[in-house]
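Just so it is clear: chains get the letters A, B, ... in the order the sequence lines come, proteins before strands, and each one is counted from 1. As the structure is a computational prediction, the values presented were derived from the model and not from experiment.
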Amino acid sequence: MLSDNDIIICEEVHKWYGEYHALRGVSTTVKEGEVVVIIGPSGSGKSTWIRTINRLEEHQKGRIIVDGTELNNDLRNIQEIRREVGMVFQQFNLFPHLTVMQNITLAPINVRKWSRDRAEEEAMKQLERVKIPEQANKYPGQLSGGQQQRVAIARALAMQPKIMLFDEPTSALDPEMIKEVLDAMQELAESGMTIMAVTHEMGFAKNVANRVIFFDQGNIVEEKPPQQFFDNPEEERTKLFLNQILHH
Amino acid sequence: MATTSPNLKAEARIPLWRDVRVLAVIGQLIALVLVLAGIGWLVNNFLENAETQGLKIGFDFLNTTAAFDISEGIDYQATDTFGRALWVGIVNTIRVSFLGIILTTLLGTILGIARLSSNWLISKIATIYIEIIRNVPLLVLLFFLYFAVILKLPAVKDSIQPFGLPIFLNQRGITLSGLEPTVGFPVWLAFVVLALILVMALWTIQSRAEERTGQPSNKLATAVVAFLLVIGAGWYVTSAFISDQAFMAVASRNIDRYEDFEAIYMLRVDDDALKDTGMNAQLIDSLKTPEDVLNLQGELAQQISQADAAGEDTSVLSSQLDILKDASITVCGVENSVGIVNAASQLRRKSIQVKVKDENSIAKAGKNYASGDCDVLAGTGSELAAERALLDDPQAHEIISTPISPLVVNTPAPAGFNIQGGNKLSPEFAALLAGLVIYTSAFAAEIVRAGILAVSKGQSEAARALGLTEGQRLRLIVLPQAMRVIIPPMTSQYLNLTKNSSLAVAIAFPDLVAVGNTVMNQSGFAVQVILVFIASYLTLSLSISAFLNWYNKKVALVER
């Protein structure tokens, strides 16, 4: 089962919030270049799970191995993994006191120790990739939601990560802005980036994903290529869920 | 349902009483007239009352003699004017407020962060401190600190010395080690400024090179080395060439440095008298250095208190202690001058007991020296040369130049019923400063906590996800954003502290209000003194707000 190009390995990952059992033994592997979309009802633990992959949430049992480094209590391992894993949040989380350019170059300069020139060159490249190079010197407060989310994507990409995590990247956006963010994500997927995305965008899951994971009650219920997933779901819970979101 | 016509009513001009622009101007004018009328009424009222009651008008009284004493502050005598007295009060207010603001910021920040700490004990201690202090009225706190803490400290001779540090706590206040600027200090300060400019220039040049090449250079090390080199060179230059300090002593004694007084001091210890008291000869012989003498004194004092407790006779031990205490080197010089402070602290550093005989002029000090009252006359080289010329046999006395550093450490030391040297904080100042800092820091802590909490969790998560370290996260992301929330309420706390310092009057610290009350009672110019109060506090408050508003503007966020 395990092969050399498995870039994320989760084995029996558990997490508790006090008494509440949030993750109940999640096991799966993600291959390099794979695009995995995670769907599921709210409160199912899907966000918690992807946040354990870069230690924004600590798992209490089981193993997570990212790019050959085990995520444990070793600070150096945590930092190493965070350098290689980019993350995009539902609420963008841009730094409001810094310009777009400063937002993007902050981590390359301070974490990767690049020169400012090199970081700015890389930042412009990423801004062009998400199609907003003209906004470089504005502050986040001056941009629309869609533009802010694209800056957030550029900010994560500027660190040249091997993996990108998306935690409901379009949920806080107006409908007409969702497309521009999804376009950016699609372009990224086509470039061969390893992606794990929690999203409610079924179109994105159908067209872009290599695999769809249905998550419920703290564990993976079913995982399949999108075609099979949407056409022939096996589990009753998956069917019920798909029924509710696809027919209204 | 009202029917409205889509057509505009054809009205060429808006009448004045409906024109919002005209109404706005009229509103302003009415407000201005009311304010002017109010002020005019107050001034007129005052002038009329002043005339009927024979009150005096004008500020001329500021130039008349105050004829009362002020317990502490900048140079002032009872023969100085009311104006000078008020100025002493203002400076005292500024001194306690300035120190208070700095200490409050430090303590408040520490407490605020401590309250957010994940360490249970630390956060609970901070919480309890804040909750208790916030609920005690400041006046009660001041009374408590002054009457129940500081005035209840032991008498001077039993001063508390925490951890053996050169800090003495007693009823007469707190004596701390201090740095005393000497004549060379201003020149050295210029070197420090030069060093800072150099460091900033080097830093900028290196940062630019770093950004251009991407090669990290050791900016901090370069800056520290450059800074130390320049201030070190300045230190040497000012010590060697600027400070003209010296001491005069009898030439035949062969004293070239202060250290040479050790031998003379040891001779002063009266071995024969000690032998007469029945002290062990071996013990007397073992007294080789001033430190031995000091240690023996300590032992004797301990034995005396033990014997006292046991109800035994302590007269022999006491007389032995007195003999040891009698030995000393006497230094003459001008009161609080650099020379005498330097000489006394140099000798004390060698554990030599020093008696200081200070006068208010070098001429008087010189007379004391001439009459043989002292071993050393301390002063500047030129002063001593002049004094030596007056001596009967100038050749018998030698002037030894002792170049001194731009700053000398003024270490306090107990001397009988007093503490000599050091920087003294009066009980009133200590109580007021402590009260203001303890009280205001509880509020400052809550402001800091609120500021940090106001930065959303997402900001920290984004910083962590990008791989920033915890230190970088706090410094680059959280604090810059917390600042804009912290500064406006913190400004209010600084202003509160400054204004609350007027409670000094309750514990008799001579701040502006305390001195002003005396001036009012003595001179009868109540309104004028109140105007001085208002003008002073207004100037202070506006300066503080102006500075912080400027800073706040710098950290403000740019929005759409």
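Between Arg464(B) and Arg82(A), the closest heavy-atom pair is O-CD, 3.0 Å. Across every non-hydrogen atom of Val111(A) and Leu466(B), the tightest pair is CG2-O, 3.9 Å.
The side-chain hydrogen bond (donor to acceptor under 3.5 Å, both in side chains) pairs that include a residue from residues 118-128 of chain B are Arg115(B)-Thr127(B), where partners are two or more places apart or lie in different chains.
The residue among Leu165(A), Val85(A), Asn93(A) with the most heavy atom pairs within less than 4.5 Å of chain B is Asn93(A). Among Gly467(B), Pro480(B), Ser456(B), the residue making the largest number of heavy-atom pairs under 4.5 Å with chain A is Gly467(B).
Only the side chain of Phe89(A) comes within less than 4.5 Å of a heavy atom in chain B; its backbone stays farther off. Using a 4.5 Å cut-off between heavy atoms, Leu94(A) touches chain B through its backbone atoms (N, CA, C, O) alone. Neither the backbone nor the side chain of Ser460(B) comes within less than 4.5 Å of any heavy atom of chain A.
Within a 6.0 Å sphere centred on CD of Gln28(B), heavy atoms belonging to other residues, nucleotides or ligands number 12 at most.
Here the straight-line distance linking atom CE of Met483(B) with atom NE2 of His97(A) works out to 12.0 Å at 0.5 Å rounding. We find the CG-CD distance between Leu468(B) and Gln79(A) to be 8.5 Å, quoted to the nearest 0.5 Å.
At least one donor-acceptor pair closer than 3.5 Å links the side chain of Gln472(B) to the backbone N or O of Asn110(A).
For residues 44-63 of chain A, the interface with chain B (any heavy-atom pair closer than 4.5 Å) comprises Arg51(A), Asn54(A), Leu56(A), sorted by residue number.
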